Protein chains: 2
Amino acid sequence: MAGRPAEPEVIWSRPERAARGPRPAYTRAEIAAVAVRIADADGLDAVSMRRVAGELGCGTMSLYNYVPRKEDLYELMVDLVADEHELPERPTGDWRADLTGLAHGSRAIMRRHPWMSRLMSAAYGFSPNSMKFLEYSLWCLDPLDLPYGQKVELVAMVNGVVTTYVANEIETAERTRSLPWSAEREQEIRTAHLAKELATGRYPRLAAAVAADSGPVDMEAVFDRALSRVLNSFARG
Amino acid sequence: MAGRPAEPEVIWSRPERAARGPRPAYTRAEIAAVAVRIADADGLDAVSMRRVAGELGCGTMSLYNYVPRKEDLYELMVDLVADEHELPERPTGDWRADLTGLAHGSRAIMRRHPWMSRLMSAAYGFSPNSMKFLEYSLWCLDPLDLPYGQKVELVAMVNGVVTTYVANEIETAERTRSLPWSAEREQEIRTAHLAKELATGRYPRLAAAVAADSGPVDMEAVFDRALSRVLNSFARG
DNA sequence: GCCCAGTTACGTACAGCGTACGTAGTGAGG
DNA sequence: CCTCACTACGTACGCTGTACGTAACTGGGC
């Protein structure tokens, strides 16, 4: 019997393959891939230990040999997805362009995996691939003459903008998953309620703002503006 | 029997008191207050329909007369807490100072209720008190000569910064709630693992950054810097 | 003043969750 | 070869959100 009541440790510090005993049937990457596939298809809440184990082809409790707590499964997922970054061999020397590229990469990944924004705000930021990404981000900032503290703050702000904006973009669609009616119906209801509230005259500026923007908002343009504001604020001091 | 299988509607569009039938035993504010107290004391995950009903003094299923789905309970909580903003009677005319004040207010509230950042990133942004806050934020921007679209983007960025930074500040403490060991032990383990990883030499810039910052980070100063960068980027165009 | 539709109240029940625990089998180091 | 850490996994517990059925109550229309 293992000392199994979840001892305090980070999953990344425990070796994937134990020194003794039979060879594990699955790798962490395989497990993470199954979990990611489920989350992509049916939402993060569909990722249960039972379902992952089932699709993996083993008993539920066997999964706990690989992943001591469910939270660690999330960490594996984040790490696997962080590996989707296609980092160039080296930065170009134009830190602004490089960081913009990285941010667009992050945005693409998080849009591809809509559950990521939920996990990111819970900050699983120290998996191997996340650290690789952070390291590369800092590398891009080599040409920028700023103390390391400031560089870290810059990277944090950029990642914050990506997470925030993707989350805002996605939230409605994701919320709908757990609802017994359609996304269109939900949207319809919320805009109807909003219109009724604005019609009361209690929120004149909000009403003006809603009335002002005509047609659908270009979310990528909004994102680009926000990102470039952040970058500018560091470029100019 | 009510048409109870959760019909599509926003909770704010359903009247608190029905036209017919017996007088409800509790107000929404009372229910929200109980839920908020539980979340403050034992974390958001401790807020279950059973526990709220129990502390309220009614049967579990009675709660569903007030709150059709648990998500709506969250919405009540956000709204109650959004009311903690002490909005001045009118803006001063200095939009930068006003928005800074609002942001600090939001930050204080979210630190007082550590579960808020989780709910905010799920965007329950259209409760009455949230809208009141948004309207006031826009009011502060009256002196700023910018189209409404830009003003909304500014407010969104400020709120995003608040949420992001408070979430980062709080995440560790909040995560620990669900863990069977102490926050100190958790912190200890994570820093130990980080140190070991950095010692491998695979992340030279990350290591340098960690080595560079001496002593504890002043989170409020970091927040203030980020906030003022965002405000500056709008002040200068 | 009465009636009844619509509401409140709430016990029971179900499907699902994370995971503690016990046991059986396996394979590599001494 | 023995031993013991490890893998595998069935069972069970306490918890969750909530569908459903039933009983009590109450205010508006006649």
Side-chain angles (χ1 to χ4, degrees), chain A residues 1-8 11 14-28 30-31 35 38-39 42-76 175 177-181, chain B residues 1-9 11 14-28 30-31 35 38-39 42-75 175 177-181:
Chain A
M1 179 176 9
R4 259 185 299 141
E7 282 170 21
I11 190 171
R14 105 166 12 188
E16 176 155 9
R17 172 93 158 90
R20 303 280 268 273
R23 125 181 293 271
Y26 313 99
T27 66
R28 282 181 185 164
E30 285 167 349
I31 296 172
I38 295 172
D42 298 331
L44 188 59
D45 292 335
V47 178
S48 69
M49 298 299 275
R50 282 168 173 80
R51 173 135 178 220
V52 171
E55 302 209 1
L56 207 53
C58 69
T60 304
M61 291 316 289
S62 307
L63 205 49
Y64 280 90
N65 286 322
Y66 300 85
V67 166
R69 291 165 296 124
K70 189 184 180 184
E71 197 189 291
D72 291 314
L73 180 58
Y74 289 151
E75 210 140 352
L76 292 188
R175 193 215 322 277
R177 250 188 234 280
S178 62
L179 257 39
W181 52 82
Chain B
M1 176 177 9
R4 259 185 300 142
E7 282 171 19
E9 69 178 337
I11 190 171
R14 101 163 21 185
E16 177 155 8
R17 173 90 158 91
R20 306 280 268 271
R23 128 179 294 272
Y26 315 99
T27 66
R28 282 181 184 164
E30 285 168 349
I31 295 171
I38 294 172
D42 298 329
L44 188 58
D45 292 336
V47 177
S48 69
M49 297 300 274
R50 281 167 174 77
R51 173 133 177 223
V52 171
E55 301 209 0
L56 207 54
C58 68
T60 305
M61 292 315 291
S62 308
L63 205 50
Y64 281 91
N65 286 321
Y66 301 85
V67 166
R69 290 164 297 123
K70 189 184 181 187
E71 196 190 291
D72 291 314
L73 180 59
Y74 288 150
E75 209 141 352
R175 194 215 321 276
R177 251 186 233 280
S178 62
L179 255 41
W181 51 83

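By convention in this document, chain letters (A, B, ...) are assigned in the order of the sequence lines, proteins followed by strands, and residues within each chain are numbered from 1. In this text, all values refer to a predicted model and were calculated from it rather than measured experimentally.
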Protein-to-nucleotide contact annotation, 5' to 3' order, nucleotides 25-30 of chain C [B base; S sugar-phosphate only; - none; under 4.0 Å, heavy atom]: -BS-S-

Spacing of [X] atom [atom1] relative to [N] atom [atom2], expressed in whole Å:
X	N	atom1	atom2	value
A/L63	D/dC9	CG	C1'	12 Å
A/D72	C/dT19	CG	P	9 Å
A/N65	C/dA20	CG	C1'	14 Å
A/E16	D/dC6	CD	P	15 Å
B/L56	C/dT8	CG	C1'	14 Å
B/R14	C/dT8	CZ	C1'	12 Å

Closest nucleotide among D/dT18, D/dC6, C/dC10 to the B/T60 side chain: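 Nearest to the side chain of B/T60 among the choices is D/dT18.
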
Among all residues two or more places apart in sequence or in another chain, which pass the side chain to side chain donor-acceptor pair (under 3.5 Å) test with B/E9?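 Listed in chain order: B/R14.
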
Which part of the nucleic acid, if any, lies within contact of B/A53, taking any heavy atom under 4.0 Å across all strands shown: a base, the sugar-phosphate backbone alone, or nothing?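 If one applies the 4.0 Å heavy-atom cut-off, B/A53 turns out to touch nothing in the nucleic acid.
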
Heavy atoms under 4.0 Å, any strand shown: does B/Y26 hit a base, just sugar-phosphate, or nothing?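 If one applies the 4.0 Å heavy-atom cut-off, B/Y26 turns out to touch nothing in the nucleic acid.
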
Please list, for nucleotides 12-17 of chain D, all pairs of protein and nucleotide N/O atoms separated by less than 3.5 Å.
unit_1, atom_1, unit_2, atom_2, d
D/dT16, OP1, B/S48, OG, 3.0
D/dG17, OP1, B/K70, NZ, 2.6
D/dG17, OP2, B/M49, N, 3.0
D/dG17, N7, B/R50, NH1, 2.7
D/dG17, O6, B/R50, NH2, 3.0

Side-chain N or O of A/S62 closer than 4.0 Å to phosphate OP1/OP2 of D/dC9: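 It does, given that an N or O in the side chain of A/S62 lies less than 4.0 Å from OP1 or OP2 of D/dC9.
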
Contacts of A/E71 that satisfy side chain to side chain contact (heavy atoms under 4.5 Å, CB included) - sequence neighbours left out: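 Partners of A/E71 under the side chain to side chain contact (heavy atoms under 4.5 Å, CB included) test: A/R69, A/Y124, B/R175, B/S178, B/L179.
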
List in chain and number order the residues that pass side chain to side chain contact (heavy atoms under 4.5 Å, CB included) with A/D42, two or more places apart in sequence or in another chain; answer none if no residue qualifies.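 With sequence neighbours excluded, A/D42 shows a side chain to side chain contact (heavy atoms under 4.5 Å, CB included) to A/A46, A/R51, given in chain and number order.
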
Return the CG to CE distance between B/L56 and B/M49, rounded to the nearest 0.5 Å.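 Taking CG in B/L56 and CE in B/M49, the distance rounds to 10.5 Å.
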
The helix from C/dG1-D/dC30 to C/dA28-D/dT3: angle between its terminal axes, five pairs each, to 10°?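 Both end axes considered, the difference amounts to 10°.
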
Do any pairs count as a side chain to side chain donor-acceptor pair (under 3.5 Å) and have a residue in residues 15-24 of chain B, sequence neighbours left out, and if so which ones?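 Every candidate side chain to side chain donor-acceptor pair (under 3.5 Å) pair involving residues 15-24 of chain B fails, so no pair, neighbours aside, qualifies.
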
Between the side chain of B/Y66 and the main-chain N/O of B/Y26, is any donor-acceptor distance below 3.5 Å?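 Yes; judged by distance alone, with no hydrogens or angles, the pair exists.
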
